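Report on the structure given below.
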Amino acid sequence: MKHSLEEIAQALVAKGKGILAADETVPTISKRFEALGIQSTAESRRAYREMLVMTPDLSRFVSGVILYDETIRQADGHGTPLAEAITRAGIMPGIKVDTGAKPLAACPDETVTEGLDGLRDRLKEYQSIGARFAKWRAVIRVSDHLPSETCVEVNAQALGRYAALCQEQGLVPIVEPEVLMDGTHSLARAEQVTPAVLERVFHALYTQRVSLEGMLLKPNMVVPGKESAERASVAAIATATLRVLSRHVPAAVPGIVFLSGGQDERRATAHLNAMNAGSATHPWRVSFSYGRALQDPALEAWGGRASGVQAGQQALVHRARCNSAASLGTYDESIETDTAEAGIASHRAQWSDD
Ligand code: 13P
């Protein structure tokens, strides 16, 4: 059955659910493997991704998984194409379709994300393999004088062109303008740059006739730079982030799914929870599309060993459950030490009203 863009977008941000980003390029995943002494081969990457996506109970907390080109062409241990196995597990396969951030001519230290050439045909192929949504990441570096107007403009234009092409091919675009958390900038500086970027991005989406109802936004949270001496509280970060989003993200967008950006995994969960806690109401669903903040403990527990699969899956479902609770505003530090079974049972009771 063919689903509309709106139906897919809404299903991706169904109550209590978020997205697992497992779309690292070969060089990026190889770096993460090597840091733990795991050899990076097509087979070890396949085994790792199979472990993640086949995690029992994952579909209770995760609606979609973003894959990389290599992975979406691979099969599980029984020879079933991974995209098909993921769909059967009740999770939607998605695909990273940009080809990476490349140096931007005449703009030192800045990048433009490439991948528009031939994109229509690639989207057609991914759709035929089973992808239901796509992702494109633009990267914006912050300093006292960055980003340049040029960098923001060319990246916003590319996001608009990508999103329009995705919708033409029936794929929901996840629009990811990532204002980097690297740097020494303050929370106030992050709160200056993020809205300026979002404003340009939504202008490009509007002028390129992208249907806001059929897309999701994947932004950064508004935080001080990782090398800044400033320590902002969970509440300050949640407040600044929501202030920016409420001013710049139209209510027609069904969901905002944050990237984690290298935040400590518990902090990433606490920030998401603070945005959804109490009597908070938003026009869009506020959830997660984390890479490292979901995967790091799972990768470490797996360690490249077949005997580590169960521990890896437990670690993943645990973080997914914590972030699912955070998307409902019901996360509490005590969930961190709950046994998985008890946690899942109580969680099920919480969202049975959906
Ligand atoms: P992180 O959550 O590790 O930032 O990754 C999310 C992502 O998809 C980056 O493009």
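Just so it is clear, the structure is predicted and the values come from calculations on it, not from any experiment. Read the numbers this way: they start at 1 and go in the same order the structure lists the ligands and their atoms.
- Tyr48 and Gln295 share a donor-acceptor pair across their side chains, judged by distance under 3.5 Å alone.
- Every N/O-N/O distance between Ser289 and ligand 1 stays at or above 3.5 Å.
- Here Arg292 has heavy atoms under 4.0 Å from ligand 1 in both its backbone and its side chain.
- Taking the side chain to side chain donor-acceptor pair (under 3.5 Å) definition, one finds that Gln39 meets it with nothing, sequence neighbours left out.
- Residues Gln167 and Pro173 have side chains in contact (heavy-atom distance under 4.5 Å, counting atoms from C-beta outward).
- The Gly261 neighbourhood of ligand 1 comprises atoms 1 (P), 2 (O), 4 (O), with distances under 4.0 Å to a heavy atom of that residue.
- For ligand 1, one of its N or O atoms has an N or O atom of Gly291 under 3.5 Å away.
- For ligand 1, the atoms sitting less than 4.0 Å from at least one non-hydrogen atom of Ala21 are 8 (O), numbered in the order shown with element in parentheses.
- Hydrophobic side-chain contacts under 4.5 Å tie Leu104 into a cluster, directly or through other members, with Val112, Val154.
- Applying the 4.0 Å criterion to heavy atoms of Lys218 picks out, from ligand 1, the atoms 6 (C), 7 (C), 8 (O).
- Using a 4.5 Å heavy-atom threshold, the side chains of Glu300 and Leu36 count as touching.
- Note: an N/O pair closer than 3.5 Å links Lys135 and ligand 1 by distance alone.
- Of all atoms in ligand 1, listed by their number and element, those nearer than 4.0 Å to a heavy atom of Ser260 are 1 (P), 2 (O), 3 (O), 4 (O).
- With a 4.0 Å cut-off on non-hydrogen atoms, Lys96 does not touch ligand 1 at all.
- In this structure, Trp284 and His282 have parallel ring planes: the angle between them is below the 30° cut-off, well short of the 60° mark.
- Of the protein's heavy atoms, Glu176 OE2, 3.3 Å lies nearest to atom 9 (C) of ligand 1.
- Here is the list of ligand 1 atoms found below 4.0 Å of a heavy atom in Tyr290: 2 (O).
- Between Arg49 and the options Glu24, Met54, Gln74, a side chain to side chain contact (heavy atoms under 4.5 Å, CB included) holds for only Glu24.
- With respect to Glu34 and Lys31, no salt bridge is recorded, no charged nitrogen being found less than 4.0 Å from a carboxylate O.
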